[in-house]
Amino acid sequence: MRLVVSVARLLASELKCSTQPVFHAFRNMEELKKEVYKKTEKLFEETMLQQPSDTEPPYFLSMGLKYVELAQNEKKSVSSFIYVR
């Protein structure tokens with residue numbers, strides 16, 4: 001239950017509302033967790049699978065740099081991805 005409340009609070013904080021609308025919008029917290037996971041996974045895939053431009057470092061290095069950049073820029077998303085899983 002602690003995990004569920006934490007995810008709901010994090011989402012409510014981002015939306016600048018109480019947790020009540022969050023709890024109302026989803027049938028249950030499993031549905032909320034699945035949705036958070038799907039959105040985070042999509043962001044991760046879109047970022048990591050971008051083809052590097054000609055001016056970027058080699059592909060393997062580019063992926064590593066994108067991973068670090070994603071973690072720095074999307075701290076809450078990445079932590080929720082790990083936490084919700």
Side-chain angles (χ1 to χ4, degrees):
M1 184 64 175
R2 186 184 235 173
L3 170 66
V4 169
V5 173
S6 295
V7 171
R9 283 187 183 148
L10 177 64
L11 184 56
S13 173
E14 288 295 309
L15 296 172
K16 296 181 181 11
C17 68
S18 72
T19 56
Q20 189 171 3
V22 175
F23 285 112
H24 183 71
F26 296 93
R27 280 186 227 127
N28 54 47
M29 285 301 103
E30 190 60 34
E31 187 179 300
L32 169 61
K33 289 189 323 186
K34 284 180 183 179
E35 193 61 32
V36 168
Y37 184 85
K38 283 188 334 191
K39 295 288 185 184
T40 305
E41 185 177 42
K42 183 178 178 189
L43 172 66
F44 182 82
E45 287 176 357
E46 286 173 355
T47 301
M48 296 303 293
L49 298 179
Q50 280 180 343
Q51 291 294 324
S53 67
D54 292 338
T55 59
E56 289 189 53
Y59 189 67
F60 69 95
L61 179 58
S62 176
M63 281 188 74
L65 293 171
K66 286 178 187 175
Y67 186 82
V68 171
E69 184 180 325
L70 179 67
Q72 289 175 337
N73 294 340
E74 301 291 339
K75 290 177 186 167
K76 290 181 181 178
S77 296
V78 172
S79 66
S80 69
F81 181 74
I82 294 165
Y83 194 57
V84 169
R85 210 158 186 216

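Everything quoted here is computed from the prediction, not taken from an experiment.
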Between atom [atom1] of [X] and atom [atom2] of [Y], what is the distance when rounded to the nearest 0.5 Å?
X: L65; Y: L70; atom1: CG; atom2: CG; answer: 12.5 Å
X: E41; Y: K39; atom1: CD; atom2: NZ; answer: 12.0 Å
X: K66; Y: L61; atom1: NZ; atom2: CG; answer: 11.0 Å

>> Going by salt bridge (Lys or Arg N to Asp or Glu O under 4.0 Å), name the residues that satisfy it together with K38, two or more places apart in sequence or in a different chain.
In response: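 K38 satisfies salt bridge (Lys or Arg N to Asp or Glu O under 4.0 Å) with E35 once adjacent residues are dropped.
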> With sequence neighbours left out, what residues match E31 under salt bridge (Lys or Arg N to Asp or Glu O under 4.0 Å)?
Replying inline: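 With sequence neighbours excluded, E31 shows a salt bridge (Lys or Arg N to Asp or Glu O under 4.0 Å) to R27, given in chain and number order.
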>> Could you work out, with side chain to side chain contact (heavy atoms under 4.5 Å, CB included) as the rule, every residue matching A12, not counting sequence neighbours?
In response: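 With sequence neighbours excluded, A12 shows a side chain to side chain contact (heavy atoms under 4.5 Å, CB included) to C17, T19, V22, given in chain and number order.
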